[in-house]
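Within every chain, numbering begins at 1; the chains are lettered A, B, ... in the order of the sequence lines, protein sequences first and strands thereafter.
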Amino acid sequence: MVRVLPDVPAIDREFDYAVPDRLVPPGGSVLVGDVVRVDLHGRRVGGWVTAVGVEPPAGVTVRPVAKVSGRGPSAELLDLAGWAAWRWAGRRVPFVRTASPERVVARLPRAAAGSGQGAPVPVVVDDVARDAFARPRAVVRLPPAADPFPYVLAAAALGNALILTPALGAARALGVRLRRAGVGVALLPRDWAVAAGGATVVGARAAAWAPMEGLAAVLVLDEHDEGYQEERTPTWHAREVVVERARRAGVPCVLVSPCPTLEAQAWGPLLAPSRQAERAGWPVVDVVDRRQEDPGRAGLYSPLLVERLRGAGRVVCVLNRAGRSRLLACARCGELARCEACGASVGQEEPGTLRCRSCATERPALCLACHATVLKNLRAGISRAREELEALAGEPVVEVSASTAGTDLPAARVYVGTEAVLHQVPDAAVVAFLDLDQELLAPRYRAAEQALALIARAARLLGGRAGGGRLVLQTRLPQHEVVAAALHADPGRVAAADRERRRALGNPPFSATATVSGAAAEAYVAALGTPPGVDVLGPRDGAWLLRATDHRTLCDALAATTRPPGRLRVAVDPLR
DNA sequence: CGGACAAGCTGA
DNA sequence: CAGCTTGTCCGG
């Protein structure tokens, strides 16, 4: 008899089944974690074995398992899924799915050896990196131009390591380098079976749930990257998952980032490089104080930036324009979309709503003249920026946005785009933030941290100080700590200022928060009540904000609340 | 989630 | 009251 968790998120219960002899693999047995198919209430669903040799409760008719499909997550990972369901107020199934192979894995291969191509390069481990792994936990501040590979090698030198990168491309590149260094590597999600057989694992967010045989060390690169957080509920964070995994396994865990989050710094000791080493790993910064320019004539491009544009090498301009569009017109009659109250042009910040930038009056997105609901974009921020830049540069300028990801960018010397441009252009001689204030003043509690992360990303395209690249920051807030941090290659300035600000405002990591939204939110909040240590704020726009002293208090309160029927979204640690 | 079954609604 | 929709329950 086995206990089975069906692969149906809404059920979130286990059921007992018998295993017919003919389904027991020859010479083996059905194990915890195995993927099965079972009949449940008139339909056949997938599921996972969560316990074997169980005694079903009296009075239930036990049905046989329909099929034993293959191997699945270990008992440790099933347990971790239970913890994650608590931590992010979700169900176990989404986590167990993430921990499972994409396709059926009938049996595991033997432990992965080195690639065998040529003689393995002896693993020379950097002293600083080895010291980081000699501690149970460490946060390493590594400047953007520095190669993190010594930390990767130091992790792999301890045995089968779990190494996370924010995106799969970086994981693939690390895998190649590790194989060349003679390390047996599994790239998740592709090599699930290899990982389960025993290997050092590299991968992105989902690899936090990789099967590991004899986990020896955990390493998270670019720990600050928001790609580590799942956007859909449960809004789990890969860094938190692997930190917990390392803790449970009693193995060292190292988080690396050019600009470590306050969450990371609250978790473990910060190892910062020498001032000299850190300066070498950040580019030279030009701060352009836009307050000094003639307000009537100041466009998007300062005289200094125009001068940099004339130099040699690739130029990348970043313009994260808040709002979907700046100027709209009716697609049917051509009437400009203007404010009813003051006549100024209105923009569309959220689909379906027009907002006046001058008096903040809002109205539904329809034409005042003919009531058509389709409006077209006359001045998307980036498109206009591109035209102006092309005129200034006197050469073709390529526009880059999230929508051009994965396509071949036209060859050009000058690029302009949203922050997506920093992910799509490999390197540059100049990176300019046309309107850094947009980032600095964003109405999010993480704005400073995120702005610095963006600058660190730009710094990667430029290389270190010796490379001669220039980072141009156009701002009206030249004293802002983010600008100062970039200028002095000292991310600690942002951390220090942000820490005090967040402490004063009770923002994470000095609290644990969750948002509750959806049709059933009101009933859920009512059922939650007012547990000690948890503040219930709102509703605002139909959503409630829960703030607790810590995650234990918050998550215990959420776990004690039964979900009412209806649509409900509970997001623990929302980035907002 | 989605099948089973009950209760409710409609039209002849 | 058949035939259909809608709602609630519950799964081994």
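Summarising the geometry, the separation between CZ on A/R43 and C1' on B/dG2 is reported as 5 Å, rounded to the nearest angstrom. Between the CZ atom of A/R91 and the P atom of B/dC1 there is a distance of 8 Å, rounded to whole Å. Whole-Å rounding puts the A/R44 CZ to B/dC1 C1' distance at 17 Å. In this structure, A/D39 places its CG atom 13 Å from P of B/dG3, rounding to the nearest Å. In this structure, A/R97 atom CZ and B/dC1 atom P are separated by 11 Å, rounded to whole Å.
With sequence neighbours left out, A/R3 forms a side-chain contact (heavy atoms from CB on, under 4.5 Å) with A/E14, A/D16, A/T50, A/A51, A/V54.
Taking a cutoff of 4.0 Å between a charged side-chain nitrogen and a carboxylate oxygen, A/E231 and A/R205 do not qualify as a salt bridge. For the pair A/R457 and A/D222, the salt-bridge criterion is not met [side-chain N within less than 4.0 Å of a carboxylate O].
Between the A/Q450 side chain and the A/A442 main chain, no donor and acceptor come within less than 3.5 Å of each other. Judged purely by atom type and a 3.5 angstrom limit, A/W86 has no side-chain atom pairing as donor or acceptor with the backbone of A/L558.
Note on A/R13: a base of the nucleic acid sits closer than 4.0 angstrom, heavy atoms only. Using a 4.0 Å heavy-atom cutoff across all strands shown, A/P9 reaches no nucleic acid atom at all.
Using a 30° and 60° split on the angle between ring planes, A/F95 and A/W88 fall in the tilted class, from 30° to 60°.
Protein chain A contacts DNA chain C from C/dC10 to C/dG12, reading 5' to 3' and using non-hydrogen atoms of the protein with a distance under 4.0 Å.
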